[in-house]
Asks: 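First the structure, which I've put down as structure tokens, then a few questions once you've had a look.
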Amino acid sequence: MDTGRLAAFTDGVVAIIITIMVLELHVPASGSLRDLSASMPVLLAYALSFINVGLYWNNHHHLIHATEKVDGRVLWANLFLLFWLSLVPFVIRWLDSSGFAAGPTATYGIVLGLAAIGYTLTERAIIACNGRTSAVARAIGHDWKGWLSILLYGVGIPLAFVSRWLALGAYVAVILMWLIPDRRIARVRAEA
């Protein structure tokens, strides 16, 4: 099966997720900076979430670009990833309405952690479909960044009940780790 439809479908779903996230932002009641500053927590959650969804989209683009073919396992793993990403707008609303309470902060980590698992499952399904000597398999290797991401979310979730700031710090650490360009796939494609 060709990868084009999978890429196009994923692009469309991610575009809808980002659109829903921005539509959920409410304009301050007045033109005062005080009212704008009251919106800062949800604006920061939106920015954090936009970057997260953008990172998944960017890495997914490179992953699919290096993939020769997909099968049903890849499609289902990709749907699992997209399901969890589609819950990001819901969790942002809950974070905002709760004032970043412990439960919603932990749930934010659960959603992002399960999206990370979904991405890892998608990688593994692609490797299973394309073989252990495929460009994706050679590029991914042991995927220490992927496993470290899941670990950081796993640490951040219970931390939310101790300190929401420590939990958010763990979630931001994942973002910072992925903001550093991952050149594994580009390097393997250049070797081919």
Side-chain angles (χ1 to χ4, degrees), residues 1-24 45-46 48-95 103-132 134-154 156-157 170-171 174-175 177-179 182 184-186 188-189:
M1 193 179 316
D2 188 300
T3 62
R5 289 193 64 195
L6 175 66
F9 178 74
T10 302
D11 288 351
V13 171
V14 169
I16 292 168
I17 292 168
I18 289 173
T19 302
I20 291 170
M21 285 188 328
V22 76
L23 290 175
E24 289 298 321
Y46 167 76
L48 182 70
S49 300
F50 184 92
I51 293 168
N52 262 307
V53 172
L55 286 170
Y56 277 107
W57 175 77
N58 190 336
N59 285 300
H60 187 275
H61 168 78
H62 292 292
L63 178 69
I64 297 304
H65 192 64
T67 301
E68 293 178 29
K69 62 185 177 182
V70 296
D71 62 10
R73 291 174 295 191
V74 175
L75 298 178
W76 281 108
N78 196 69
L79 281 174
F80 183 83
L81 164 65
L82 293 175
F83 172 78
W84 291 105
L85 287 178
S86 74
L87 290 176
V88 170
F90 168 78
V91 180
I92 291 173
R93 285 193 308 271
W94 192 21
L95 280 168
T105 303
T107 303
Y108 188 70
I110 290 168
V111 166
L112 293 176
L114 285 166
I117 290 169
Y119 189 83
T120 298
L121 290 173
T122 302
E123 286 177 337
R124 297 298 159 205
I126 287 170
I127 291 169
C129 178
N130 289 270
R132 297 265 172 226
S134 66
V136 171
R138 290 191 324 270
I140 299 302
H142 295 294
D143 193 25
W144 68 269
K145 282 174 79 170
W147 293 111
L148 183 57
S149 299
I150 294 168
L151 176 68
L152 284 169
Y153 288 128
I157 293 164
Y171 308 155
V174 174
I175 288 175
M177 181 174 59
W178 285 99
L179 280 177
D182 189 352
R184 294 178 295 177
I185 291 176
V188 168
R189 286 179 46 89

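Just so you know, residue 1 is the first one in the sequence shown, and it goes up from there.
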Asks: So, for Ala135 and Ala66, which heavy atoms are closest and what is the spacing to 0.1 Å?
Replies: CB-O, 4.1 Å
Asks: According to salt bridge (Lys or Arg N to Asp or Glu O under 4.0 Å), does anything in residues 65-74 pair up with another residue at least two apart or in another chain? List the pairs.
Replies: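 Listed once each, the pairs are Asp71-Arg73.
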Asks: So Trp178 and Tyr119, would you call those rings parallel, tilted or perpendicular, with 30° and 60° as cut-offs?
Replies: perpendicular
Asks: Which pair of non-hydrogen atoms, one from Val70 and one from Leu6, has the smallest distance, and what is that distance?
Replies: CG1-CD2, 3.8 Å
Asks: Step by step, would you call Leu152 with Tyr171 a side chain to side chain contact (heavy atoms under 4.5 Å, CB included)?
Replies: CA-CA 7 Å; Leu152 284 169; Tyr171 308 155; over 6 Å; no
Asks: Show me, pair by pair, the donor-acceptor contacts under 3.5 angstrom made by side chains of residues 76-92, not counting sequence neighbours?
Replies:
{"from": "Asn78", "atom 1": "OD1", "to": "His60", "atom 2": "NE2", "distance (Å)": "2.6"}
{"from": "Asn78", "atom 1": "ND2", "to": "Thr10", "atom 2": "OG1", "distance (Å)": "2.8"}
{"from": "Ser86", "atom 1": "OG", "to": "Phe83", "atom 2": "O", "distance (Å)": "2.6"}

Asks: In the structure I gave you, are the side-chain heavy atoms of Tyr56 and Val14 within less than 4.5 Å of one another anywhere?
Replies: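 They are not in side-chain contact.
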Asks: Heavy atoms, side chains only, cut-off 4.5 Å: are Phe50 and Ile17 in contact?
Replies: no
Asks: Can you check side chain to side chain contact (heavy atoms under 4.5 Å, CB included) on Thr67 and Ile126, steps first, answer last?
Replies: CA-CA 7 Å; Thr67 301; Ile126 287 170; 3.4 Å; yes
Asks: At what distance, to the nearest 0.5 angstrom, does CD1 of Ile127 lie from CZ of Arg138?
Replies: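 Answer rounded to 0.5 Å: 11.0 Å.
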Asks: Has the side chain of Asn58 got a donor or acceptor atom that lies under 3.5 Å from a matching backbone atom of Gly54?
Replies: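 No, the answer is negative, given that no donor and acceptor are paired below the 3.5 Å cut-off.
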Asks: Is Asp143 close to Arg124 at the side-chain level, that is, under 4.5 Å between some pair of heavy atoms?
Replies: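 The answer is yes, as the side chains (C-beta and beyond) meet within the 4.5 Å cut-off.
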Asks: Give, for atom CG of Leu75 and atom OG1 of Thr122, the distance between the pair rounded to the nearest 0.5 Å.
Replies: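 So the CG of Leu75 and the OG1 of Thr122 are separated by 9.5 Å.
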Asks: Under 3.5 Å, which donor-acceptor pairs do the side chains of residues 106-117 form with other protein atoms, sequence neighbours left out?
Replies:
{"from": "Thr107", "atom 1": "OG1", "to": "Gly103", "atom 2": "O", "distance (Å)": "2.8"}
{"from": "Tyr108", "atom 1": "OH", "to": "Ser49", "atom 2": "OG", "distance (Å)": "2.7"}

Asks: To the nearest 0.5 Å, what is the distance between CG on Leu55 and CG on Leu179?
Replies: 5.0 Å
